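Positions are given from 1, in the same order as the sequence printed here. Every value quoted in this text rests on a predicted model; they were computed, and no experiment measured them.
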Amino acid sequence: MAKTQLGARVDEDVAELAKRRAADLGLSIGDYLARLVQDDASGLRARAVGAAARFLADHQAVFDEAEEAQQARRGARAA
């Protein structure tokens, strides 16, 4: 497939973040951006966010209990 060059201006912090994330994934910035666009266009990102929201809705009580227990332990040591 032929490649086309695109240009975009972003804040320096966004550019650095993109560079670091691409490096973490072992991708060039171009390949990383292409992956992001493909994931977005395919609906993958929206489905992932939806799945995370459903997971939290179903299991929020477990996280709340763990956080309350952790706070109680901290409070017991502080007293």
Side-chain angles (χ1 to χ4, degrees):
M1 177 188 287
K3 296 209 176 205
T4 299
Q5 184 172 344
L6 300 175
R9 293 185 185 276
V10 296
D11 292 335
E12 283 184 34
D13 58 333
V14 172
E16 266 314 303
L17 185 59
K19 289 175 188 177
R20 284 194 311 261
R21 190 65 185 125
D24 289 346
L25 295 170
L27 299 171
S28 69
I29 293 175
D31 288 342
Y32 174 62
L33 294 175
R35 178 190 280 187
L36 289 177
V37 171
Q38 288 170 340
D39 289 353
D40 182 52
S42 73
L44 178 63
R45 285 189 152 346
R47 290 192 306 271
V49 169
R54 287 189 302 278
F55 176 84
L56 285 176
D58 291 346
H59 303 289
Q60 186 63 51
V62 174
F63 292 105
D64 291 343
E65 288 174 19
E67 186 174 349
E68 288 169 8
Q70 188 176 35
Q71 288 175 352
R73 285 191 301 270
R74 285 186 194 141
R77 284 187 237 152

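- R54 and R47 get closest at one heavy-atom pair: NH2-O, 4.4 Å.
- One distance of note links CD of E65 with CD of Q60; it measures 10.5 Å at 0.5 Å rounding.
- A centroid separation of 6.0 Å or more is found between the aromatic rings of F63 and H59.
- Between R35 and L27, the shortest heavy-atom contact is CZ-CD1, 3.8 Å.
- Note: the hydrophobic cluster containing L36 also contains I29 (ILVMFWY, side chain heavy atoms under 4.5 Å, direct or indirect links).
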| said: Test side chain to side chain contact (heavy atoms under 4.5 Å, CB included) on D11 and V14; report intermediate values, then the result. | reply: CA-CA 5 Å; D11 292 335; V14 172; 4.3 Å; yes
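- The distance from the CD atom of E16 to the NZ atom of K19 is 5.0 Å, given to the nearest 0.5 Å.
- The 12-atom threshold is not exceeded at CD of E12, counting heavy atoms of other residues, nucleotides or ligands nearer than 6.0 Å.
- Nearest heavy-atom pair across S28 and A22 is O-CB, 3.9 Å.
- Salt bridge annotation for D31-K3: present, with a cationic side-chain nitrogen under 4.0 angstrom from a carboxylate oxygen.
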